[in-house]
Structure formats: C-alpha cells, structure tokens
Asker: 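Dropping the structure in here first, questions after.
In this text, all values refer to a predicted model and were calculated from it rather than measured experimentally.
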Amino acid sequence: GNIFGKTWIPAECDVSIRPGWFYHKKEDSLVKTPQQLFEIYLKSVGRGANLILNVPPDGRGLITQFDSASLIEFRKLRESSFQNNLSKKGLAFVRNGKMKKDGKNLNDGNDRSYESTASNGSQSLEIAFNQPQKINCIVLKENLLNGQNCIAFKIRLMNKQHEVVKEIDGTTIGHKRILTFPETTAGIISLSISEEKNPVKISEIEAYLLDDRLIEK
C-alpha cells in the first residue's frame, strides 16, 4: 500500500489448516500441527496482519477431531508462550540523552496507556532489569488512536554496563509486532525510533522466553 495514503488498510493473511480449502478425508493426516500454526501466527499477527484461518467442516457439517485437536493445542501454545511477560519485572524509562524519566506505561499491561518518542536520534524507551533476564521474544505495541506512525525502529539488548549484546532492526510496529531471536541474556531492552510519520506512541514493550523450538525460523 501507500504509506502516505488516506486509508489505513491492514494486511490479511488467509491460510487453511489443511492442504486445501475444503474437507477431504485423505487429508485428515495432513492437518497443520500446533507448532506450524504458531509459526504462521508469528508471521501474520506478529507482523501486523489479520490471520484468517480456514477450518473446513466435514460432510456432517462438523469440525473433525483432527482439526479440533490441533486448534486446541495451538491455543494452549499461545497462552503458555505469552503468559509470563518478563518486562513486568523491570523498570520502564523514557531516556533523552543522559536524562531519563519514569515510563511506567511501557510495562503496565494496559494497551490504552503509552509513552511517546521521536526519531531525533537521542530518545529511547527502556526496560531495565535488576537481574539480567534470558529472552528470545519481544512484543511491541503501538497506540493507534492517531494512526500508525512508526516507519523504522531499532532494538538494542544491553548488559547492565549499557554494552550492546544484540541489535534488531525493524520497520512498522502497528497493533502488535512480535520479534523472535536466539536466546539472549539482557539487563536492558532499549527501543529507539529510526524513522516516523509522526511522533510514535508505544503502549507496551513485552519480553518473553519461548520454547526455543517455537522461535521464527
């Protein structure tokens, strides 16, 4: 789409739980696994798209036990993976050069509250932990009441001495951006905006330690 267009049109990801769009008994053994569905979730919802998952009814008009079992386990995977937000263990700050102020809206669990930042190169949003945390997933959420404004961002995972141990570059954030990566120990999570349409409002910076087999390949 046009980044400066008048209408915001979110992406749509249409996927079937089976090889085809309609039910065929021979495909009962080919239903996507919960792990495969989780990977699709990361690559759709985790990139700001609407996931539309096709689950076809059988000849009785019912969802089969094969599809149902996979969906139930997929839900369990999502709930267990994102139930322990490690960011809540840290303190949130808005840093501008050497100055910093409280940024509690970044890890309060409320999508309606937010902290604003700008792409002036000196401002960042931070989560600082008393004890370093092992993480392999960060979830960013942008407050969209005044539109989607982040064009590009940078995440720096740092130790307690503010030495960078890992950098992640990204583009848009939107309602939810899920980033996964190999397990990293971090004392500080720092988010800065590299490019923007207007000042960016970040409602949440979340951190998780997922089962290593689930991170995006």
Side-chain angles (χ1 to χ4, degrees), residues 1-13 38 40-52 78 81-96 100-129 135-158 166-181 184 186 188-208 210 215-216:
N2 183 351
I3 192 172
F4 297 107
K6 294 181 179 179
T7 303
W8 179 50
I9 306 175
E12 183 176 289
C13 181
F38 191 88
I40 291 170
Y41 177 82
L42 293 180
K43 292 180 177 180
S44 56
V45 175
R47 295 179 183 175
N50 294 314
L51 172 58
I52 299 178
R78 296 199 322 273
S81 296
F82 298 109
Q83 69 179 355
N84 184 22
N85 178 10
L86 298 172
S87 287
K88 292 184 177 181
K89 296 182 178 181
L91 295 176
F93 300 101
V94 178
R95 182 180 293 276
N96 198 337
K100 67 179 183 179
K101 66 175 184 178
D102 177 74
K104 62 183 179 180
N105 292 326
L106 296 172
N107 62 349
D108 63 355
N110 182 1
D111 289 353
R112 293 180 177 271
S113 63
Y114 60 85
E115 300 291 346
S116 295
T117 186
S119 59
N120 58 12
S122 63
Q123 195 173 76
S124 61
L125 307 177
E126 296 184 1
I127 305 291
F129 301 105
I135 61 176
N136 60 7
C137 175
I138 291 175
V139 178
L140 304 177
K141 296 180 180 180
E142 186 177 353
N143 183 286
L144 302 179
L145 290 178
N146 294 315
Q148 185 170 324
N149 290 305
C150 178
I151 297 175
F153 65 87
K154 183 183 291 291
I155 291 175
R156 294 181 176 89
L157 302 182
M158 299 182 284
K166 187 176 186 61
E167 284 190 349
I168 302 170
D169 291 305
T171 52
T172 58
I173 296 175
H175 171 68
K176 182 182 292 185
R177 181 71 172 95
I178 305 176
L179 303 118
T180 62
F181 44 88
T184 303
I188 300 169
I189 300 171
S190 176
L191 169 67
S192 58
I193 305 301
S194 310
E195 189 177 357
E196 64 185 14
K197 290 175 63 178
N198 293 297
V200 178
K201 299 175 180 178
I202 299 297
S203 59
E204 291 292 312
I205 300 176
E206 302 173 358
Y208 300 93
L210 309 184
I215 66 173
E216 190 173 328

Asker: Please report the interatomic distance CG(L125) to CD1(I193), rounded to the nearest 0.5 Å.
Answerer: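 Output value for this atom pair is 7.0 Å.
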Asker: Is there a donor-acceptor contact under 3.5 Å from the side chain of R177 to the main chain of G46?
Answerer: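 A pair under 3.5 Å: yes.
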Asker: Please report the interatomic distance OH(Y114) to CG(L145), rounded to the nearest 0.5 Å.
Answerer: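 It is 7.5 Å, given to the nearest 0.5 Å.
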Asker: Please name the pair of heavy atoms, one in T171 and one in C150, separated by the smallest distance, quoted to 0.1 Å.
Answerer: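 Distance-wise, the nearest heavy atoms are O-SG, 3.5 Å.
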Asker: How close do K176 and V139 get, heavy atom to heavy atom, and via which atoms?
Answerer: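 For K176 versus V139, the nearest heavy atoms are CG-CG1, 3.8 Å.
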Asker: So I155 and I138, do their side chains get closer than 4.5 Å, heavy atoms only?
Answerer: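 They are in side-chain contact.
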Asker: What's the spacing between I52 CD1 and E12 CD if we round to 0.5 Å?
Answerer: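 With rounding to 0.5 Å, CD1 (I52) is 3.5 Å from CD (E12).
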Asker: Which distance, rounded to the nearest 0.5 Å, do you find between the OH of Y208 and the CD1 of I135?
Answerer: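 Spacing of OH (Y208) from CD1 (I135) equals 11.5 Å.
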Asker: Counting N and O atoms only, with roles assigned by atom type, does the side chain of N136 sit under 3.5 Å from a partner on the main chain of I215, one being a donor and the other an acceptor?
Answerer: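 Answer holds: no.
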Asker: Please report the shortest heavy-atom distance between A207 and I189, naming the atom on each side.
Answerer: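 Distance-wise, the nearest heavy atoms are CB-CD1, 3.8 Å.
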Asker: Side chains of I188 and F129, heavy atoms from C-beta outward: is any pair under 4.5 Å?
Answerer: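 No, side chains not in contact.
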Asker: Donor-acceptor pair, distance only, cut-off 3.5 Å: does the side chain of N143 make one with the backbone of K201?
Answerer: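 Side chain of N143 to backbone of K201: no pair is present.
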Asker: What distance do K197 atom NZ and N149 atom CG have between them, rounded to the nearest 0.5 Å?
Answerer: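 The CG atom of N149 is 6.5 Å from NZ of K197, to the nearest 0.5 Å.
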Asker: Tell me, please, which residues at least two apart from S190 pass side-chain contact (heavy atoms from CB on, under 4.5 Å).
Answerer: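 Partners of S190 under the side-chain contact (heavy atoms from CB on, under 4.5 Å) test: S124, E126, R156, M158.
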Asker: Can you list the steps and then say if F181 with L157 is a side-chain contact (heavy atoms from CB on, under 4.5 Å)?
Answerer: CA-CA 12 Å; F181 44 88; L157 302 182; 3.8 Å; yes
Asker: Nearest 0.5 angstrom please: F153 CZ to T172 OG1, how far?
Answerer: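 Rounded to the nearest 0.5 Å, the CZ-OG1 separation comes out at 7.5 Å.
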Asker: If only atom types and distance count, is the side chain of S87 paired as donor or acceptor with the main-chain N or O of I205 below 3.5 Å?
Answerer: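 Present.
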Asker: Should the ring pair F38 and F82 be called parallel, tilted or perpendicular, given that the plane angle runs from 0 to 90° and is split at 30 and 60?
Answerer: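 Geometry flag for F82 against F38: parallel rings.
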Asker: Pick out which of E196, Q123, R95 makes a side chain to side chain donor-acceptor pair (under 3.5 Å) with T117.
Answerer: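 Between T117 and the candidates, side chain to side chain donor-acceptor pair (under 3.5 Å) is satisfied uniquely by Q123.
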Asker: Might you point out which heavy atoms bring N107 and G90 nearest each other, and give the distance in Å?
Answerer: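 Answer, listing the atom of N107 first, then G90: ND2-O, 3.0 Å.
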Asker: How about I202 and E115: do any of their side-chain heavy atoms sit closer than 4.5 Å?
Answerer: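 SC-SC contact between I202 and E115 ruled out.
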Asker: What I want to find out is whether E206 reaches K141 closely enough, with some N-O distance under 4.0 Å, to be called a salt bridge.
Answerer: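 Looking at K141 together with E206, the answer is yes, because their closest N to O distance falls below 4.0 Å.
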Asker: So with a 6.0 Å cut-off around NZ of K104, is the heavy-atom count from everything else above 12?
Answerer: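 Not more than 12 within 6.0 Å, no.
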Asker: With sequence neighbours left out, write down each residue that passes side-chain contact (heavy atoms from CB on, under 4.5 Å) with E216, or none if nothing qualifies.
Answerer: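 Counting only residues at least two positions away or on another chain, E216 forms a side-chain contact (heavy atoms from CB on, under 4.5 Å) with L42, K43, R47, T180.
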Asker: Run the side-chain contact (heavy atoms from CB on, under 4.5 Å) test against D108 and tell me which residues pass, sequence neighbours left out.
Answerer: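 With sequence neighbours excluded, D108 shows a side-chain contact (heavy atoms from CB on, under 4.5 Å) to N105, N110, S113, E204, given in chain and number order.
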